[in-house]
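Notes follow once the structure below has been shown.
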There are 2 protein chains.
Amino acid sequence: MASTTPAVIASEETAKPRRADAQRNYDKLLAAAREIFREHGAQASLDDIAKRAGVGPGTLYRHFPTRDDLIDAVMREWSEDVDSDSDEVIAAGLDAQETLRTWFGKFVENIGVYRGAAAKVMSAMDDESSPIYRKCQVLVGANDKVLTHLAGRGELRDGVDSREVMRLVSGIATVADQSHLSVDESTPMLDIVIQGILRDPSAP
Amino acid sequence: MASTTPAVIASEETAKPRRADAQRNYDKLLAAAREIFREHGAQASLDDIAKRAGVGPGTLYRHFPTRDDLIDAVMREWSEDVDSDSDEVIAAGLDAQETLRTWFGKFVENIGVYRGAAAKVMSAMDDESSPIYRKCQVLVGANDKVLTHLAGRGELRDGVDSREVMRLVSGIATVADQSHLSVDESTPMLDIVIQGILRDPSAP
DNA sequence: CGACTATACGGAGAGTGTCTCCGGTTAGCA
DNA sequence: TGCTAACCGGAGACACTCTCCGTATAGTCG
């Protein structure tokens with residue numbers, strides 16, 4: 001298999017020194033955003049988030065100039081969860097098919113926590129100017145780890161590119177999100193992809 | 001293969017009698033919508049469309065109560081094009097792989113004409129209350145024709161459901177749309193899906 | 001052909017959401 | 001305690017959606 005993606009990722013958690021009140025507001029905003037994004041999806045009103053955090057809109061926009069900056073912050077630990085999922089899946093020692101089922105399933109499930117997030121991830125994956133781009137690189141890297149692991153055992157078809165697979169799976173996650181499909185209902189699509197990238201067992 | 005989808009579609013082109021001026025404005029709005037959707041995508045300002053058509057916003061909203069109603073009207077002939085594509089592809093007598101490449105390629109290309117339309121189609125596919133739902137049924141039906149044709153020749157794996165395939169391909173179209181991929185750049189993803197649904201040539 | 005009415009027009013404006021600007025406030029420090 | 005840089009927050013400009021209703025007119029009938 002071949003990956004276009006660099007190893008990834010020096011997480012730039014530059015927790016720059018802030019005044020105590022600023023830090024407090026930052027945290028309140030993040031907590032409020034998590035709640036409201038979970039309730040109303042990623043396109044919820046930002047002023048509502050400011051309101052729930054008990055700060056003015058100006059404060060929100062100073063900390064997070066754009067909606068994507070806020071989403072980025074909300075997604076931070078979440079993308080690390082996904083990354084550690086990939087390690088667990090590899091360590092579990094399942095066969096190729098089960099490995100992918102588990103990995104893709106977790107991915108779709110995780111990405112679906114915030115409604116609309118899947119679409120954001122999908123479109124940020126190829127947009128370096130997006131604040132979410134870095135997070136996507138973590139996801140791409142995690143997926144690459146899993147596929148490289150399988151490729152090392154000769155279980156993938158020739159020419160499978162992990163970035164394409166990532167696009168495909170995030171597309172499925174978006175479909176599942178928008179059509180309100182459960183994880184189970186998205187497995188038929190995932191199975192097709194799995195069939196499409198796994199080397200056929202009957203081949204040498 | 002199995003399809004959940006009914007045969008489809010008694011197109012409800014009830015061209016109800018309208019006053020001449022109303023019909024004129026309807027046509028002007030449609031033409032303006034086509035232009036502006038092509039330029040700015042499916043989330044363009046509706047007031048802009050009314051402005052370009054030279055009518056007031058009230059007129060636009062009387063003819064098309066919601067954005068989706070307008071998109072639906074714009075998509076009308078377009079979905080018929082897609083449908084006739086499916087017939088052509090079947091008639092062309094290509095092998096299974098080329099048939100699907102051609103069909104999926106045309107689908108993704110067509111659906112990408114209006115930016116943002118792919119996402120609309122994707123989410124309307126499972127939402128009966130959407131005005132676009134009917135159009136999606138045309139697409140689902142067209143896809144079903146192609147897959148049934150191949151299934152009849154025993155070229156598909158067991159258990160392939162055409163609706164799942166349609167979801168998958170519209171997901172790819174959405175990825176291609178949002179990431180500004182050309183049709184060529186989306187073929188790797190399509191090829192994975194094709195591998196995933198085609199019976200392996202080495203099998204009996 | 002002139003009058004009448006159902007139908008359609010269109011713009012003012014209410015409602016909602018985004019984002020900015022700047023006068024006032026406060027944390028942190030000497 | 002007093003100073004200042006950092007920060008707050010809300011008023012309001014701007015953009016978009018959608019509605020209401022007074023006005024205009026197409027089509028019809030006497």
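Since the structure is predicted, the reported quantities are computational estimates derived from the model, not experimental observations. Labels below follow one simple rule: chain letters A, B, ... track the order of the sequence lines, proteins then strands, and each chain is numbered from 1.
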Discussion item. Considering every strand and a 4.0 Å limit on heavy-atom distances, what is the contact class for B/A53: base, sugar-phosphate, or nothing?
Written reply: nothing
Worksheet item: Taking CG from B/L46 and P from C/dG10, how many angstroms apart are they, rounded to a whole number?
Response: 17 Å
Discussion item. Side chains of B/D69 and B/T66 only: does a donor on one sit below 3.5 Å from an acceptor on the other?
Written reply: yes
Worksheet entry | Pair A/N110, A/D85: side-chain N/O donor-acceptor within cut-off below 3.5 Å | yes
Worksheet item: To the side chain of A/A20, which of C/dA27, C/dT20, C/dA12 is closest?
Response: C/dA27
Worksheet, complete the sentence: From CZ of B/F64 across to P of C/dA8 the rounded distance in Å is 13 Å
Worksheet item: Quick one: which of D/dA26, D/dC8, D/dG9 gets closest to the side chain of A/A22?
Response: D/dC8
Fill in: Atom-pair distance (CG on A/L29; P on D/dC8), nearest Å
9 Å
Worksheet item: Hey, does the side chain of B/N143 reach the backbone of B/S162 with a donor-acceptor pair shorter than 3.5 angstrom?
Response: yes
Worksheet item: Atom CZ of B/R18 and atom C1' of D/dT25: how far apart are they, to the nearest Å?
Response: 18 Å
Discussion item. Does a side-chain N or O of B/S45 approach OP1 or OP2 of D/dT17 to a distance below 4.0 Å, or not?
Written reply: yes
Worksheet entry | A/H63 side chain near D/dC8 phosphate (N/O to OP1/OP2, under 4.0 Å) | yes
Item to complete: Between A/P65 and A/R24, name the one whose nearest nucleotide on DNA chain C is closer to the 5' end.
Response: A/P65
Fill in: Below 4.0 Å: OP1/OP2 of D/dT19 and any side-chain N or O of B/Y61
no
Practice prompt. Would you indicate what B/D47 reaches in the nucleic acid, counting non-hydrogen atoms under 4.0 angstrom: base, sugar-phosphate, or nothing?
Written response: base
Discussion item. Quick check on D/dC8: is either OP1 or OP2 less than 4.0 Å from any side-chain nitrogen or oxygen of A/R62?
Written reply: yes
Worksheet item: How about B/Q23 and B/D27: does a side-chain donor come under 3.5 Å of a side-chain acceptor?
Response: yes
Worksheet item: For B/D21 and D/dG27, what is the distance between atoms CG and P respectively, to the nearest whole Å?
Response: 7 Å
Worksheet item: Once you round it to whole Å, what is the distance between P of D/dG27 and CD of B/Q23?
Response: 11 Å
Worksheet item: Should A/N25 be listed as having a side-chain N or O under 4.0 Å from OP1 or OP2 of D/dC8?
Response: yes
Worksheet item: So, do A/D47 and A/Y61 sit near enough that their side-chain heavy atoms are less than 4.5 Å apart?
Response: yes
Discussion item. Any N or O donor-acceptor pair under 3.5 Å from the base of C/dT18 to the side chain of A/R67?
Written reply: no
Item to complete: To the nearest Å, give me how far apart CG (B/D48) and P (D/dC18) are.
Response: 14 Å
Response to the item:
From OH of B/Y26 across to P of C/dG10 the rounded distance in Å is 17 Å
Item to complete: Return the nearest nucleotide to the side chain of B/R19; candidates are D/dT25, D/dG9, C/dG28.
Response: D/dT25
